[in-house]
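Quick notes on the structure that follows.
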Amino acid sequence: MKGAPRGSLSSADLAQIDSRLATTDRMLVQNYPGDDGSRQPVQTAYVPADKFTPSLAADWGAQALAAADAHGGLVHLGHLLGQERALATAVATRVEAKLHSEPIEDLRLDFEDGYGDRGDDVEDADAVAAARAVAEAVAGGSAPPFIGIRFKGLEEPTRARGLRTLDLFISGLAEAGELPAGLRLTLPKVTTVAQVQALEFAVSRLEEIHSLPSGRLRFEVQVETPQLILGPDGTSPVAQLPHVIPGRISGLHYGTYDYSASLQISAEYQSMEHPVADFAKEVMQLAVAGTGIRLSDGSTNIIPVGENVEAAWVLHGRLVRRSLERGYYQGWDLHPAQLPSRFAATYAFYRQGLIPAATRLRNYVQSTQKGVMDEPASARALAAFVLRGLQCGAVGSAEVKLLAGLELPRLRSLAHPQTTNSSPHSSTSPGANP
């Protein structure tokens with residue numbers, strides 16, 4: 001019997017290669033951990049900070065349902081969005097349940113553009129009140145799963161005010177007890193890497209002061225200035241962000257109107273689907289690929305009210321679907337009447353893709369060749385698609401088990417084999433039950 005084949009490279013040669021690549025190996029582990037599989041909200045609602053009450057989410061849900069009822073119902077909305085009857089009926093049932101149980105997935109109390117400059121005394125009081133109201137809502141179970149504030153940016157005119165609001169809000173939450181598990185902090189109007197590094201210093205100090213675990217205060221960066229896409233030296237600052245403070249940034253949110261206005265796009269043509277928006281968002285995707293940082297698209301300011309309801313729903317539904325198809329699984333909503341079209345378009349996206357994705361997953365797991373030979377990367381993408389559908393409530397676990405033959409733990413391991421998911425928000429929403 002022949003012995004094992006012998007190569008020419010010695011153990012010393014291999015050790016030298018390992019030594020040369022040690023820095024690369026460490027960088028890949030630290031800077032590119034991949035997505036952890038925890039739940040990502042499909043939408044973020046923004047309200048002026050002083051307008052928040054513990055009942056706000058339920059109020060938005062009631063207003064959303066009333067808007068749908070006043071204009072033909074949720075099945076009719078599905079037809080407006082191009083859904084055939086069976087799909088529209090299935091989607092409508094789940095959207096109605098969603099609007100009753102969890103109408104807002106992610107809420108941002110806004111101290112920036114939606115709030116304005118009201119003077120230091122007023123904003124101080126509102127920041128303290130916001131912390132108190134959020135703590136009350138979380139304790140009472142009426143808060144959305146993800147909740148936080150958007151404070152003013154770190155450019156010189158607003159820097160002190162923004163940091164003070166952040167400080168008062170976090171300090172208020174810390175004094176009230178444990179911080180919300182789904183706490184979100186959003187930094188707007190970012191133009192340089194240095195501004196993000198400065199905020200990293202600020203939240204690190206707040207962690208020390210309030211005896212919080214290191215890294216507890218992560219934050220989102222709004223991409224709404226051209227300087228963040230292309231810097232003065234010709235490089236892309238947004239691509240540097242994940243690596244100058246690895247693990248601290250949780251998301252990049254595209255700002256439709258500030259970014260468009262900065263490029264002199266006429267107001268009539270400012271849109272989530274303008275070519276300048278697509279370019280910026282493609283750069284954002286490249287910048288965070290593999291880092292675990294989530295992406296969110298922006299908003300449309302065409303609101304479904306008055307005589308404009310159905311046309312605005314059609315536009316919003318199309319834009320939501322467009323974002324999903326391009327790998328942006330989250331977006332902003334500005335009004336309760338946008339919730340029906342948000343969830344109707346999102347649920348249809350996942351329900352339409354469920355059978356082909358689940359079938360391919362089953363074939364992959366069972367090593368059955370059925371016309372598509374999927375590689376591990378494709379299987380991960382298929383599993384991640386189905387998992388997102390479960391987490392947002394578009395599909396049920398019984399459907400997935402029937403079609404793909406997979407229980408939730410196996411689905412998660414296929415979607416995110418490099419991580420062990422322990423997020424408290426990774427479970428499916430009430431609408432995901434079979």
Side-chain angles (χ1 to χ4, degrees), residues 39-61 63-64 102-116 118 123 126-138 142-154 158 161-170 172-173 179-190 196 199 203 217-224 249-259 272 293-301 303 323 328-336 338-339 342 425:
R39 177 184 175 188
Q40 179 181 6
V42 302
Q43 54 85 235
T44 300
Y46 278 72
V47 297
D50 62 317
K51 300 299 183 184
F52 174 73
T53 66
S55 68
L56 185 137
D59 294 342
W60 271 48
Q63 292 176 56
E102 192 183 80
I104 296 177
E105 293 194 350
D106 184 25
L107 180 64
R108 213 63 77 249
L109 284 62
D110 192 17
F111 283 95
E112 205 233 352
D113 284 348
Y115 180 87
R118 307 189 188 187
E123 186 160 338
D126 284 343
V128 171
R132 187 183 307 116
V134 167
E136 179 185 342
V138 171
S142 65
F146 305 92
I147 190 169
I149 62 169
R150 177 171 71 170
F151 47 97
K152 292 177 174 66
L154 296 189
T158 57
R161 180 64 263 175
L163 290 172
R164 180 164 175 78
T165 297
L166 172 66
D167 186 355
L168 289 172
F169 180 73
I170 295 298
L173 288 178
L179 270 59
L183 179 65
R184 293 292 185 269
L185 306 170
T186 306
L187 175 66
K189 303 292 191 293
V190 177
V196 176
L199 183 59
V203 296
L217 297 177
R218 302 179 73 199
F219 55 85
E220 304 163 336
V221 172
Q222 283 199 266
V223 180
E224 49 188 342
I249 298 172
S250 59
L252 299 182
H253 286 227
Y254 177 68
T256 305
Y257 299 100
D258 283 281
Y259 188 84
M272 296 160 58
I293 295 173
R294 266 71 182 274
L295 295 168
S296 176
D297 210 335
S299 61
T300 176
N301 58 9
I303 305 300
S323 298
Y328 272 74
Y329 300 106
Q330 184 176 353
W332 295 7
D333 294 321
L334 307 178
H335 191 276
Q338 289 181 317
L339 299 181
R342 165 70 62 184
H425 293 296

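The shown structure was predicted, so the numbers you read here are calculated from the model rather than taken from an experiment.
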Using a 3.5 Å distance criterion without hydrogens, assess whether the side chain of [X] forms a donor-acceptor pair with backbone atoms of [Y].
{"X": "Glu224", "Y": "Lys189", "result": "yes"}
{"X": "Gln40", "Y": "Leu295", "result": "yes"}
{"X": "Arg184", "Y": "Ile147", "result": "no"}
{"X": "Ser142", "Y": "Pro54", "result": "yes"}
{"X": "Thr256", "Y": "Ser299", "result": "yes"}
{"X": "Thr158", "Y": "Gly153", "result": "yes"}
{"X": "Tyr257", "Y": "Asn301", "result": "yes"}
{"X": "Lys152", "Y": "Gly116", "result": "yes"}

Heavy-atom check, side chain of [X] versus side chain of [Y], under 4.5 Å:
{"X": "Ile104", "Y": "Leu56", "value": "yes"}
{"X": "Leu154", "Y": "Leu163", "value": "yes"}
{"X": "Ile170", "Y": "Leu183", "value": "yes"}
{"X": "Thr300", "Y": "Gln338", "value": "yes"}
{"X": "Tyr115", "Y": "Glu123", "value": "yes"}
{"X": "Asp113", "Y": "Arg150", "value": "yes"}
{"X": "Ile149", "Y": "Leu185", "value": "yes"}
{"X": "Phe219", "Y": "Leu166", "value": "no"}

To the nearest 0.5 Å, what is the distance between [atom1] ([X]) and [atom2] ([Y])?
{"X": "Leu109", "Y": "Thr165", "atom1": "CG", "atom2": "OG1", "value": "12.0 Å"}
{"X": "Phe52", "Y": "Glu136", "atom1": "CZ", "atom2": "CD", "value": "8.5 Å"}
{"X": "Phe111", "Y": "Phe169", "atom1": "CZ", "atom2": "CZ", "value": "7.5 Å"}
{"X": "Tyr259", "Y": "Tyr254", "atom1": "OH", "atom2": "OH", "value": "6.5 Å"}
{"X": "Ile293", "Y": "Ile249", "atom1": "CD1", "atom2": "CD1", "value": "5.0 Å"}
{"X": "Leu107", "Y": "Phe146", "atom1": "CG", "atom2": "CZ", "value": "12.5 Å"}

Residue pair [X] / [Y]: nearest heavy atoms and the distance that separates them:
{"X": "Pro48", "Y": "Arg118", "answer": "CB-NH2, 4.4 Å"}
{"X": "Pro103", "Y": "Gly61", "answer": "CB-CA, 3.5 Å"}
{"X": "Pro180", "Y": "Val134", "answer": "CG-CG1, 4.2 Å"}

Walk me through it: do Gln222 and Asp258 pass the test side-chain contact (heavy atoms from CB on, under 4.5 Å)?
CA-CA 10 Å; Gln222 283 199 266; Asp258 283 281; over 6 Å; no
Applying side-chain contact (heavy atoms from CB on, under 4.5 Å) to Glu105 and Asp333, what does each step give before you reach the verdict?
CA-CA 11 Å; Glu105 293 194 350; Asp333 294 321; over 6 Å; no
Whether Arg39 and Asp106 form a salt bridge (side-chain N of Lys/Arg under 4.0 Å from carboxylate O of Asp/Glu) is what I want to check.
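No, Asp106 and Arg39 are not salt-bridged.
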Stepwise side-chain contact (heavy atoms from CB on, under 4.5 Å) test for Leu339 and Gln43
CA-CA 9 Å; Leu339 299 181; Gln43 54 85 235; 3.6 Å; yes
